[in-house]
Undergrad: 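Take this structure, written in C-alpha cells, and hold onto it; I'll ask about it next.
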Amino acid sequence: MKNTYSAEFKAKAVLELLREEENISQISSKHEVHPNLLKKWRKAVIEGLPELLAGKRTRDTQLKEPRVRWAA
C-alpha cells in the first residue's frame with residue numbers, strides 16, 4: 001500500500017534536511033521515509049522557492065500570460 005504524507009509532514013522533514021543538523025539517513029529513519037523521497041521533496045522545495053518568493057504582481061503576471069501551443 002502506498003503511503004500518503006501531509007504537506008505539514010513533508011515541510012517538517014525538508015526543513016530538517018535544510019538545517020543540516022542530521023544527515024539524510026538519520027532523518028529518513030526518524031520519519032520512516034525512504035531517503036530518495038526526502039531528496040525528491042527537498043528538490044521540489046528548492047525549485048519552487050523563486051515562485052514562492054516572487055511578489056504578488058509577478059505571480060499574477062505569470063498566470064495571465066497566454067501559453068503558446070505549437071501546431072503539429
Undergrad: Less than 4.5 Å apart, side chain to side chain, heavy atoms only: is that true for Asn36 and Lys39?
TA: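 Heavy-atom side-chain distance check passes, below 4.5 Å.
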Undergrad: Shortest non-hydrogen contact from His34 to Ser28?
TA: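 Of all heavy-atom pairs spanning His34 and Ser28, the closest is C-OG, 3.8 Å.
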Undergrad: Is there side-chain contact between Leu38 and Arg42, with at least one heavy-atom pair below 4.5 Å?
TA: no
Undergrad: Above 12 or not: heavy atoms from other molecules or residues under 6.0 Å from NZ of Lys30?
TA: yes
Undergrad: Between Leu17 and Trp41, is a side-chain contact (heavy atoms from CB on, under 4.5 Å) present by the stated rule, with each step listed?
TA: CA-CA 10 Å; Leu17 279 174; Trp41 294 344; over 6 Å; no
Undergrad: Are Ile24 and Ile46 connected, step by step, through hydrophobic side chains (Ile, Leu, Val, Met, Phe, Trp, Tyr) whose heavy atoms are closer than 4.5 Å?
TA: yes
Undergrad: For the atom pair CD1 (Ile27) and CD (Glu21), what is the distance rounded to the nearest 0.5 Å?
TA: 8.5 Å
Undergrad: Counting only N and O atoms by type, is there a donor-acceptor contact under 3.5 Å from the side chain of Glu51 to the main-chain atoms of Gly48?
TA: no
